[in-house]
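Structure first, then comments.
Please read all numbers here as calculations on a predicted model, not as lab measurements. All values below were derived from every heavy atom in this structure, side-chain atoms included, with hydrogens, water molecules and symmetry-related copies excluded. A, B, ... follow the sequence lines: proteins, then strands. Residue 1 opens every chain.
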Amino acid sequence: MMYSEKVMDHFMNPRNVGEIENADGIGEVGNAKCGDIMKMYLKIEGDVIVDVKFKTFGCGSAIATSSIATEMIKGKTVEEALHLTNRAVVEALDGLPAQKIHCSVLAEQAVKSALLDYARKNNLQLTGLEDFDPTEDHHDHHDEDEQ
Amino acid sequence: MMYSEKVMDHFMNPRNVGEIENADGIGEVGNAKCGDIMKMYLKIEGDVIVDVKFKTFGCGSAIATSSIATEMIKGKTVEEALHLTNRAVVEALDGLPAQKIHCSVLAEQAVKSALLDYARKNNLQLTGLEDFDPTEDHHDHHDEDEQ
Amino acid sequence: MKKRIYLDYSATTPMKQEVLDEMMPYFTEKFGNPSSIHSFGREAKQAIDLSRERLAKAIGAKAEEIFFTGGGSEADNWAIKGIAYANRDKGNHIITTKIEHHAVLHTCEYLEKNGFEVTYLDVDAFGHIKIDDLKNAITDQTILITIMFANNEIGTIQPIQEIGQITKEKKIIFHVDAVQAFGNVKIDVNDLNIDLMSLSAHKVYGPKGIGALYIRKGVKLHSLIHGGAQERRRRAGTENLPGIVGFGKAASLASENLEVHIQHVKTLRDKLIKGIMEQVNYVRLNGHSEYRLPGNVNFAFEFIEGESLLLSLDMLGIAGSSGSACTSGSLDPSHVLMSLGLTHEIAHGSLRLTIGDFTTEEDIDYVLQELPKVVDRLRQMSPLYEK
Amino acid sequence: MKKRIYLDYSATTPMKQEVLDEMMPYFTEKFGNPSSIHSFGREAKQAIDLSRERLAKAIGAKAEEIFFTGGGSEADNWAIKGIAYANRDKGNHIITTKIEHHAVLHTCEYLEKNGFEVTYLDVDAFGHIKIDDLKNAITDQTILITIMFANNEIGTIQPIQEIGQITKEKKIIFHVDAVQAFGNVKIDVNDLNIDLMSLSAHKVYGPKGIGALYIRKGVKLHSLIHGGAQERRRRAGTENLPGIVGFGKAASLASENLEVHIQHVKTLRDKLIKGIMEQVNYVRLNGHSEYRLPGNVNFAFEFIEGESLLLSLDMLGIAGSSGSACTSGSLDPSHVLMSLGLTHEIAHGSLRLTIGDFTTEEDIDYVLQELPKVVDRLRQMSPLYEK
Ligand SMILES: Cc1ncc(COP(=O)(O)O)c(C=O)c1O
Ligand SMILES: Cc1ncc(COP(=O)(O)O)c(C=O)c1O
Ligand code: FES
Ligand code: FES
């Protein structure tokens, strides 16, 4: 398994680590059983994400995807952040090994989950989150080739 | 498989190769199917083997055992030659690999077979040859460990 | 140059120079096929015979009881499937443990799909099986007991002698995966009543891709690899000549140096354990404190995850492992750690550091200086950690 | 120094210096376990990936269709047992030939004891199967056809393309033992419709103890060696890293040099055949005159026996073989030669001389000078020979 330089950079020097007190939206996805939990805090002013922080228990790629995801949504509108896909996260990191794609899914979910929390708290209806289920499990532990 | 120097000497410089015209006893054992035929010719005067020759189609050890067997019986009495065992042949050659022991049996049989021929031609009763069957097959092609 | 500290000797070892030196002629000069009659073949055959004797001597066996294989996994597969298929008429029950290497576990699972029944014994919090569990598991259908000598992740050493007594009394065939124990524990197959034993060269400073199965004289099993008459017709395939030569040398070195080796790695191991325990909170040592491979350290750090720990250490030039190397392609927590009763979170946060002959005291000092900082950094990022 | 002329390249080859050079760093420096996450593991993994690509390229396959094994015999065993067990529900019939290597034949015989039926196709006097025999042998139970590309004893090359057409039409899995053909014949698994193909490194100037099985994407088979997740979970065991690196290099060299190699060995081969045929009576060339491995010579000398011929040549420094190296432990005449319809006597008197990249014209001249004398000397001793 080989990580890109970008991944290693975000893993070793993660941006926006921490918590936000009185955050406007908090999302938590993953579970400790699978070895990964991502927690994301949003500070939203007007329609804009003015601050974002994360805490992650997980593999190197989970930490790197959390980090880059916070960068990618900071300063963006809620609407824009809603369109963050795991694919965009993977691309921004110059790729991820096949068995690590699900970590990027986790990052996308963490953002959505925090936005959902923000929407609920503010009684907003966010298009694109209707079908979103943050508890869905995207782990795929086995290779197709296994006998 | 490793042959002793003695074996290699008798193989490369076999003693008493050839045929004896009007031999007093001729023995032939083995068969071409198994890849080995030994033919032994005796010249007997009075009670003594005064000359002996062999021809062998077979492996290196077959040739070496034939050669040494001729040496071991030349100048001996018929009675003494009858007591030549394959074990003595093996010892005289400083040993043979396990799967090559049967070649020495062939040499013992070739001598006995020639003596039997001599006895028959001369209507003699030789003690020790009553049970001898020169067509018996001493090949054992398989290892005990085979699965 | 960047620091590179290798602390993953249980995954694999570098070859010793003496081993390489002994192998060198067999690549390009003495390259014959040992089955050939000619001089090239004979010199190859002699080299193999010598290695077989060296290996036999190292474990108290006879040379003709040593059969070379392509590695430890092949040896495990051969022993287990070979005994199972050869004894189908006697019974269909196999006993093993929950903490075996995958080469044993997945082989047993395969046999389960093919009509065999397998009992997987539990282990206690330190990784030991209970002898009574074993006794109770035996039925009149039991044809094989396969238990590892020492565990590759946590280093726990099983009571092989006691088990051997039982299998001997009950006349059940006893296979031992000694891939990790060999070179780290004194082993005599007769003292221990072992019937079959798997070994692998690359764990003892020998070459990769070569292993051996000890088969006690008289024990019958099916072949795994059929074909030519090599290895007394039991394991086909042109012999890995340089590999066998290297394994022979490595085995000799391992038994000659056993005491010195144990002393060296144990001293460093104890220093490492003590140092970390003193500096870091919320950490436990997985495995047994006494019945433990001399070079094995396995820590569980709470609140953090193994891969990110490994990666961080790797950036500092420290090479360790979480779980066994073979399973690191997987995202599941180690089956061994789970069998000890650890929670998922804690199993995920485990780090194995294994010490070998080339490890120095400076290496350990460096780890003691850096590891606590890494743990702290990751904990700061963890949503599970509340100071 | 005593002359030593190696003419047993089909038994095994010396490693080329370029191959050894490429392997060297992986013994003591870049020794990591490819499954490990750390830098030692990653550089090992990269080396294996490169080798896999090199091998794939050499046979027109994709990298992910190459699986490394412990040799050609393991590859044969795996392919045949793996396909048989995975397709038990579809049928129990396998077709092969009477002249396969023992790694195929004994595997098929083992399967016969376990509920499978095997048809062993006859060959003609030159070692070719008849396509009609093959067509007629196919039943609705046929799950596998396994036919060697080129024979190790007599060098005969089978009509693989035609066979591949048939297996494709009939949708039967096609396994090819290409251990001898690889490096001597151009092979493209797609052109030839091959589904599985066995390779072995030590026959192409690579290391012993490493082989590969090509498995066409989508073909399902049971594993032979269960355990860790190596080789995409299909073949367990810590990878033989230097072996794989060496095999990759050897495969690259083999395909780059294919034309030159064929030209070189063919020229010497033809000279050897011509020279012996002119000088010696009662001799025939076993195998096919045209569809023949470029470096293979196999003579049957009447009235003499193979081992004594080999030994005599060995004393002169000439290393040859009678039958295949793998069977020389046995006293039976070669099953291949018997399948050609030779009598026992003649099969026993066969001599294989196989030529390789290091063979020189002087070597051949020396053989042409000595071999007739040896044959004559042995014939003088033979009771079967009457001038
Ligand atoms: C045609 C053929 N198949 C299979 C093998 C077995 O290969 P290995 O010796 O690498 O196991 C050989 C050589 O021994 C061979 O010539
Ligand atoms: C306990 C144990 N058994 C078996 C194996 C498998 O050995 P190999 O990798 O040589 O196939 C290993 C190491 O990987 C091991 O640690
Ligand atoms: S978050 Fe599960 S492996 Fe990366
Ligand atoms: S005579 Fe049969 S092998 Fe020697």
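- Distance alone, capped at 3.5 Å, places no donor-acceptor pair between the H102(C) side chain and the G227(D) backbone.
- Across K81(D), E29(D), E239(D), the residue that shares the most heavy-atom pairs under 4.5 angstrom with chain C is K81(D).
- From L311(D), atom CG reaches atom OG of S39(C) across 11.0 Å, with rounding to the nearest 0.5 Å.
- Atoms CD and OG1, on Q17(D) and T28(C) in that order, are 6.0 Å from each other to the nearest 0.5 Å.
- Of all the listed residues (L310(D), L313(D), N77(D), N240(D)), the one sharing the greatest number of non-hydrogen pairs under 4.5 Å with chain C is N77(D).
- Counting heavy atoms from C-beta outward, N33(C) and D8(D) have side chains that stay 4.5 Å or more apart.
- Most heavy-atom pairs under 4.5 Å with chain C, from the set A103(D), G209(D), P14(D): that is P14(D).
- Looking at N114(C), the atoms closer than 4.5 Å to chain D (heavy atoms on both sides) all sit in the side chain, from C-beta outward.
- Across G237(D) and S73(C), no two heavy atoms sit closer than the pair CA-OG, 3.2 Å.
- Options M315(C), K30(C), M24(C) differ in how many heavy-atom pairs under 4.5 Å they form with chain D, and the most are formed by M24(C).
- There is no contact between Y26(C) and chain D, counting heavy-atom distances below 4.5 Å.
- Each of R235(C), K16(C), E43(C) has some count of heavy-atom pairs under 4.5 Å with chain D, and the biggest count is that of E43(C).
- Most heavy-atom pairs under 4.5 Å with chain C: of the set L224(D), T69(D), L241(D), this distinction falls to L224(D).
- Remark: side-chain polar atoms of K208(C) are paired, donor with acceptor, to backbone N or O of F31(D) under 3.5 angstrom.
- Using a 4.5 Å heavy-atom threshold, the side chains of D76(C) and H226(D) count as separate.
- Per-residue counts of heavy-atom pairs under 4.5 Å with chain D were compared for H202(C), E109(C), E100(C); the largest is that of H202(C).
- Interface remark: T13(C) contributes backbone atoms only to the contact with chain D (heavy atom separation under 4.5 Å).
- Contact tally against chain C (heavy-atom pairs below 4.5 Å) for G320(D), G71(D), G70(D): the top residue is G320(D).
- The aromatic rings of F27(C) and F27(D) sit tilted, their planes meeting at an angle between 30° and 60°.
- With a 4.5 angstrom heavy-atom cutoff, I225(C) touches chain D via backbone and side-chain atoms both.
- Of the two parts of M23(C), only the side chain, counted from C-beta on, holds a non-hydrogen atom closer than 4.5 Å to a non-hydrogen atom of chain D.
- Residue Y6(D) touches chain C through both its backbone and its side chain, counting heavy-atom pairs closer than 4.5 Å.
- Proximity to chain D is limited to the side chain of D314(C), based on heavy atoms less than 4.5 angstrom apart.
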